[in-house]
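Just so it is clear, the values below take in all heavy atoms, side chains as well, and ignore hydrogens, waters and symmetry mates. Chain A is the first sequence line, chain B the second, and so forth, proteins listed ahead of strands; every chain is numbered from 1.
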4 protein chains.
Amino acid sequence: MQILKDEVKNSIRQAALAEFKKHGYLKASIRQIADAAGITPGNIYRYFKSKDDLFDELIQPIQEQLTEVLRVCKQEVDNTLCTALSDHLLILRRIDASLMLLFKESSTELTILLNLSEGSQFASVKQDLITLVHQIISEVFTAELAPTGTLPLRDQLSARMIATTMIESICLILRDHEDGDTIKMLVDELLYLFCTGISEKIKLAQA
Amino acid sequence: MQILKDEVKNSIRQAALAEFKKHGYLKASIRQIADAAGITPGNIYRYFKSKDDLFDELIQPIQEQLTEVLRVCKQEVDNTLCTALSDHLLILRRIDASLMLLFKESSTELTILLNLSEGSQFASVKQDLITLVHQIISEVFTAELAPTGTLPLRDQLSARMIATTMIESICLILRDHEDGDTIKMLVDELLYLFCTGISEKIKLAQA
Amino acid sequence: MQILKDEVKNSIRQAALAEFKKHGYLKASIRQIADAAGITPGNIYRYFKSKDDLFDELIQPIQEQLTEVLRVCKQEVDNTLCTALSDHLLILRRIDASLMLLFKESSTELTILLNLSEGSQFASVKQDLITLVHQIISEVFTAELAPTGTLPLRDQLSARMIATTMIESICLILRDHEDGDTIKMLVDELLYLFCTGISEKIKLAQA
Amino acid sequence: MQILKDEVKNSIRQAALAEFKKHGYLKASIRQIADAAGITPGNIYRYFKSKDDLFDELIQPIQEQLTEVLRVCKQEVDNTLCTALSDHLLILRRIDASLMLLFKESSTELTILLNLSEGSQFASVKQDLITLVHQIISEVFTAELAPTGTLPLRDQLSARMIATTMIESICLILRDHEDGDTIKMLVDELLYLFCTGISEKIKLAQA
DNA sequence: AATGAATGAGGGTTCATTCAT
DNA sequence: GATGAATGAACCCTCATTCAT
């Protein structure tokens with residue numbers, strides 16, 4: 001019953017993915033992964049140097065894609081002179097669209113990366129995402145509320161909170177749902193809710 | 001070097017609070033707590049019967065207060081005939097106000113209770129909170145969007161998502177901030193954002 | 001040096017049996033068992049779920065046999081109308097014979113079950129045995145010494161003492177000897193001694 | 001609230017005696033003894049070097065008395081030319097009487113010494129007692145059953161078993177009863193039972 | 001003389017990782 | 001390649017003993 005190396009490696013990846021999704025990085029058990037893959041624990045170490053290594057090999061690609069998306073978005077935000085509110089919301093939409101794209105390709109990996117990577121080297125990825133969104137929202141706020149000066153502390157904090165909340169909310173939707181259409185619908189609704197709220201807030205402040 | 005008992009107990013509580021906040025209940029290590037408190041692991045057991053007991057003694061009081069708040073709110077939701085949108089938002093405000101009150105007294109404990117209690121007896125508290133808010137939002141949606149029939153699946157999911165997001169967002173604010181006034185401000189802003197969004201959504205749907 | 005699984009399991013059982021016999025259930029040390037078995041403590045848990053599980057797997061079978069014997073004997077004692085002295089002595093002989101049978105198969109286990117199981121789920125087995133024998137002897141005494149009334153307190157105590165002594169004596173023989181024939185001989189002698197003594201006591205009392 | 005040294009030492013002794021009787025040497029807890037004595041654990045070590053030392057100081061005196069009794073009895077057995085059955089039974093009675101005497105003075109200590117000293121230096125005392133009784137019974141058997149030759153192995157074993165059983169039975173009576181008169185009655189009955197049995201056995205063998 | 005907080009070695013147990021087969 | 005038994009460090013916890021006060 002000889003199994004080709006790639007088949008085995010694949011079955012390990014699959015089993016590991018399921019285990020990481022179920023228990024998160026820290027509580028995932030190598031033994032359970034081996035069992036689910038139909039092999040022995042020791043054999044995993046012929047394919048992966050360590051639990052960390054296995055996790056990395058599964059999650060790294062999507063983390064890289066996400067990082068790349070973030071990099072591009074950040075560049076746009078940094079380099080483009082976008083003062084109009086709609087421009088910024090566009091960028092938010094683009095971030096959202098990118099996440100949706102990644103999700104369609106690798107929903108499990110993305111969920112793990114964003115929600116279940118505590119204790120691994122990717123624990124900070126979510127924060128990077130938040131930082132980016134924060135930057136965008138800060139600019140929106142500055143442009144609209146303090147075009148010539150400094151954003152009041154209150155609004156700075158508010159921007160940060162909204163950024164955190166938006167990203168975490170998307171993560172929660174990913175955590176709680178599997179169906180792509182449902183997720184898209186809920187994220188749309190969420191973004192609508194946030195954008196409406198933000199617009200109203202700005203209107204109110206400008207009044 | 002002999003230290004007074006209360007000092008030691010206090011330093012254990014402090015160290016434990018930090019450790020629980022850093023690693024959560026399950027991954028918190030008694031040895032690390034002991035190290036941080038400047039004593040040996042065994043000595044902790046002169047002050048607390050077990051890891052569980054230590055956690056409970058730190059978190060129980062605030063959990064009890066929170067449970068009491070939930071109980072009262074649930075009673076109101078169940079018993080009162082409140083069909084007006086404003087009634088429901090009032091209840092949301094009350095929940096918020098209660099949380100703020102608890103927070104002012106014990107921010108770290110509340111964070112641990114809501115975000116880091118996995119594996120302990122308090123693991124379900126956040127979910128209870130979400131369930132309550134979900135119930136309220138569902139009633140608002142039903143009253144406004146489908147007063148005579150059943151809420152569409154789409155709006156059911158939406159209500160659940162919003163409930164989850166609201167509570168988790170408040171938890172995030174608690175996690176990220178220590179100053180009471182800042183927290184109050186941010187939560188107010190968040191609730192305003194959500195309520196505005198919800199109102200607009202309803203208006204849109206009714207149009 | 002890789003050893004076959006069964007060999008290791010066997011060596012654990014052997015080491016555990018020796019350790020339990022030497023120190024009893026409570027004071028037996030997993031680390032010592034591991035040392036004696038030539039392995040590490042953690043490895044024991046590949047073969048047995050817990051100290052309890054290890055003890056049970058060693059002792060349970062013989063406990064079940066013993067319990068079954070007790071059950072049958074108790075039924076006979078309860079249901080049969082046996083007023084003759086000889087009937088009762090017959091039952092004692094039967095209990096004895098059953099114990100001998102069990103012993104031939106598993107002397108060490110029986111010793112542990114009866115003498116060294118404090119703290120385990122089997123702690124009460126010896127007392128059950130004593131209670132059964134006590135019941136029988138009480139009936140003999142009542143039938144012979146107070147056929148129409150109540151047995152004097154003195155004889156009640158005496159019956160209890162003799163029951164305890166008989167069972168404990170058998171346990172001692174089991175503890176001190178390994179050879180089946182020797183044990184059978186000694187128990188026979190012991191029962192003869194007790195039965196003779198009891199008969200004489202009764203004759204004396206009736207005179 | 002200065003307490004005289006002797007009072008404290010006394011209260012420790014009293015508390016320790018109760019604890020040792022309740023849990024035996026091994027499982028007795030220094031902390032519980034301290035609590036029961038109304039002092040702190042550390043203070044015990046001003047009066048006793050160790051748990052062992054405390055146990056020794058309580059049990060040693062009675063162990064010495066017992067040893068002395070044994071020594072004298074052994075001398076009699078060794079030096080006296082006693083061929084008659086009755087002489088030997090007399091010695092058995094004397095051993096019994098000595099034990100009873102010791103018991104009347106220090107029932108708790110004797111019970112502990114004989115039944116609850118596992119793990120201490122006195123664990124073997126009971127065996128010494130058994131050895132002495134064994135010697136006596138062996139001589140009786142030899143004199144009666146093989147006056148000119150060697151006692152058959154069967155009877156040697158039998159003698160040992162009877163010796164063991166007699167002593168352990170007395171220990172059981174001490175363990176189960178507190179009232180001096182009851183104990184005396186039961187031991188008498190036991191000795192009568194044994195002696196009758198032994199006599200009958202000899203008669204039977206000689207027939 | 002007394003305290004009682006603190007220690008440290010040991011208890012049972014788990015699990016990622018290694019390695020002889 | 002693959003096995004899976006074995007390891008070793010870590011987990012929470014207990015308790016006789018010590019020692020600064």
Members of residues 50-61 of chain A that approach DNA chain E, where some heavy atom sits under 4.0 Å away: A/Ser50, A/Lys51
Rounded interatomic separation in angstrom, taking NE2 from A/His23 and P from E/dA16: 12 Å
Interatomic distance where OH belongs to C/Tyr25 and P belongs to E/dG12 [whole Å]: 9 Å
Between F/dA6 (C1') and C/Asp35 (CG): distance, integer Å: 14 Å
Summary of salt bridge (charged side-chain N to carboxylate O under 4.0 Å, His left out) pairs that have at least one residue in residues 55-64 of chain B, sequence neighbours excluded: B/Lys9-B/Glu57, B/Arg13-B/Glu57
Presence of A/Asn43 side-chain N/O under 4.0 Å of F/dG1 phosphate oxygens OP1/OP2: no
Position toward the 5' end of DNA chain E (nearest nucleotide), C/Gly42 or B/Pro41: B/Pro41
Whole-Å distance separating the CD atom of B/Gln32 from the P atom of F/dC12: 9 Å
Within-4.5 Å side-chain heavy-atom neighbours: A/Thr40 and A/Asp35: no
Close side-chain approach of B/Ile112 to B/Leu58, heavy-atom, < 4.5 Å: no
Any side-chain donor near an acceptor of the partner, B/Thr67 and B/Gln63, under 3.5 Å: yes
side-chain contact (heavy atoms from CB on, under 4.5 Å) partners of B/Ala15, counting only residues at least two apart: B/Ile33, B/Ala36, B/Ala37
Among F/dA2, F/dA10, F/dA16, the one nearest D/Arg31 by side-chain distance: F/dA16
Touch class at under 4.0 angstrom, heavy-atom based, for D/Ile39 against every strand present: sugar-phosphate
Qualifying side-chain hydrogen bond (donor to acceptor under 3.5 Å, both in side chains) pairs with a residue from residues 19-28 of chain C, counting only residues at least two apart or across chains: C/Glu19-C/His23, C/Lys21-C/Glu178, C/Tyr25-C/Asp52
Integer-rounded Å distance: E/dG12 P and C/Phe48 CZ: 15 Å
Side-chain N or O of A/Arg46 closer than 4.0 Å to phosphate OP1/OP2 of F/dG1: no
Interatomic distance, D/Ile44 CD1 vs E/dA1 P [rounded to whole Å]: 16 Å
Closest contact, heavy atoms only, C/Leu114 versus C/Lys126: O-CE, 2.7 Å
Rounded distance (Å) that lies between atom C1' of E/dG10 and atom CD1 of C/Ile33: 15 Å
Sugar-phosphate only, base, or nothing, as touched by B/Ala28 at under 4.0 Å among non-hydrogen atoms: sugar-phosphate
For the student: nearest non-hydrogen atoms of A/Ser11 and A/Val8, plus distance: OG-O, 2.8 Å
Within-4.5 Å side-chain heavy-atom neighbours: B/Phe55 and B/Ser117: yes
Sugar-phosphate, base or nothing in reach of C/Ala34, heavy atoms under 4.0 Å: nothing
Under-4.0 Å side-chain N/O to phosphate OP1/OP2 contact, D/Tyr45 with F/dT18: no
Touch class at under 4.0 angstrom, heavy-atom based, for A/Ile30 against every strand present: base
Atom-to-atom span, CD of A/Glu7 to P of F/dA2 - whole angstrom: 10 Å
First of C/Lys27 and B/Thr40 reached from the 5' end of DNA chain E, by closest nucleotide: B/Thr40
Each stem that DNA chain E is part of, given as range with range (3 or more consecutive Watson-Crick or G-U pairs, under 3.5 Å): E:2-21 with F:2-21
Any residue meeting salt bridge (charged side-chain N to carboxylate O under 4.0 Å, His left out) with C/Lys49, in chain and number order, not counting sequence neighbours: none
